[in-house]
Amino acid sequence: KAGVTQTPRYLIKTRGQQVTLSCSPISGHRSVSWYQQTPGQGLQFLFEYFSETQRNKGNFPGRFSGRQFSNSRSEMNVSTLELGDSALYLCASSLAGGSSEKLFFGSGTQLSVL
Amino acid sequence: AQTVTQSQPEMSVQEAETVTLSCTYDTSESDYYLFWYKQPPSRQMILVIRQEAYKQQNATENRFSVNFQKAAKSFSLKISDSQLGDAAMYFCAYRSAHNAGNMLTFGGGTRLMVKP
């Protein structure tokens, strides 16, 4: 079974641009969550999608948005990029997002904002 | 809101020796899950071990075990017979048992170095 796949692996953008990151969960998994990892703030929860609906949201500005498609693939979008958005963005999936379920992570997308 | 604290930014251990990584957390909930994740240079977070708060027995996975002290809100990870492949960042994480979803709260991480 293929694991969680995130594309692209690396991305370089300039301030003010927007970016879209993609995450394909493990086959059969319907819950997809996103995390931002930076040296200063550590790992922070962005949001979670289940059955195409946002179920939980972290404390991030509205520039950060996401969506989930009917095949459970998810995208996150960051508009009007700022230097502080430079981070590793990790995606994780599980069957239904139940608290007892195991969470599987992808290898992340490293975003650099210049 | 829950918080997770890892007080050791870096730890070092000799190959084949035992090392313990510390984690404390703060919560007002009684039902929750605690995790240790490993993040090697490949960046992929790998689940090492999981503990359900309602279980008094400490979780064990091969060379990895935890010391879960619910009253003290402490959750340390012990790695026995350390191997070179254990070198990585280790993150302690908390997940509520009440809210649906995969919202984890992570600690700041501990970088583990293994000396040959």
Side-chain angles (χ1 to χ4, degrees), chain A residues 2-6 9-10 23 25-26 29-51 53-60 66 68 72 74 87-111, chain B residues 1-10 21 23-27 29-55 59 61 64 88-111:
Chain A
V4 178
T5 304
Q6 291 189 245
R9 288 268 291 175
Y10 300 92
C23 172
I26 291 173
H29 285 192
R30 294 164 60 198
S31 168
V32 175
S33 49
W34 290 88
Y35 289 82
Q36 182 197 63
Q37 185 176 16
T38 61
Q41 299 297 317
L43 279 150
Q44 294 183 288
F45 173 79
L46 278 156
F47 31 63
E48 181 203 3
Y49 287 87
F50 176 73
S51 292
T53 302
Q54 188 179 85
R55 182 157 64 179
N56 287 299
K57 189 177 188 306
N59 188 24
F60 278 81
Q68 186 179 34
S72 293
S74 177
L88 178 67
Y89 290 89
L90 291 165
C91 166
S93 76
S94 72
L95 281 169
S99 55
S100 63
E101 291 177 3
K102 188 174 179 180
L103 199 59
F104 294 85
F105 282 84
S107 295
T109 293
Q110 183 69 53
L111 171 65
Chain B
Q2 296 83 20
T3 59
V4 179
T5 303
Q6 294 178 248
S7 59
Q8 306 152 317
E10 275 191 6
L21 308 185
C23 171
T24 58
Y25 59 95
D26 188 28
T27 183
E29 298 178 329
S30 58
D31 294 328
Y32 48 87
Y33 296 86
L34 296 167
F35 307 86
W36 279 98
Y37 280 91
K38 171 185 177 181
Q39 187 178 41
S42 67
R43 309 179 317 192
Q44 185 178 26
M45 299 283 279
I46 301 164
L47 179 64
V48 174
I49 201 165
R50 182 180 83 168
Q51 175 78 42
E52 294 90 340
Y54 64 85
K55 288 187 177 179
E61 288 285 345
F64 300 87
M89 284 292 293
Y90 285 81
F91 293 93
C92 178
Y94 172 103
R95 182 161 75 183
S96 170
H98 297 292
N99 300 325
N102 283 323
M103 190 168 71
L104 295 177
T105 301
F106 285 92
T110 296
R111 181 176 302 280

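First the proteins, then the strands, lettered A, B, ... as listed; each starts at 1. Keep in mind it's a predicted model, so treat the numbers as computed, not measured.
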Over 12 non-hydrogen atoms of neighbours within 6.0 angstrom of CD in A/Q41: no
Chain A contact via B/L47 - which portion, at a heavy-atom distance below 4.5 Å: side chain
Region of A/L103 that comes under 4.5 Å of a non-hydrogen atom in chain B: both
Contact class of A/F104 relative to chain B, heavy atoms under 4.5 angstrom: neither
Atom group of B/S96 that falls short of 4.5 Å from chain A, counting heavy atoms: backbone
Interface residue of largest heavy-atom contact number with chain B, from A/G42, A/S107, A/G108, A/A96, under 4.5 Å: A/S107
Atom pair CD (B/Q39) and CG (A/L43), whose distance is rounded to the nearest 0.5 Å: 6.5 Å
Under 4.5 Å from a heavy atom of chain A, the part of B/E52 involved: neither
Per-residue contact mode, B/Y37 against chain A (heavy atom under 4.5 angstrom): side chain
Neighbour count >12 (heavy atoms, 6.0 Å) for atom CZ, A/R9: yes
Nearest non-hydrogen partners of A/F105 and B/L104, listed with the distance: CZ-CD1, 4.3 Å
Heavy-atom side-chain contact between A/Q110 and B/R43 under 4.5 Å: yes
Most chain B-contacting option - heavy-atom pairs closer than 4.5 Å, from A/E101, A/Q6, A/K102: A/E101
Engaged part of A/L88 at the chain B interface, taking heavy atoms whose separation is under 4.5 Å: side chain
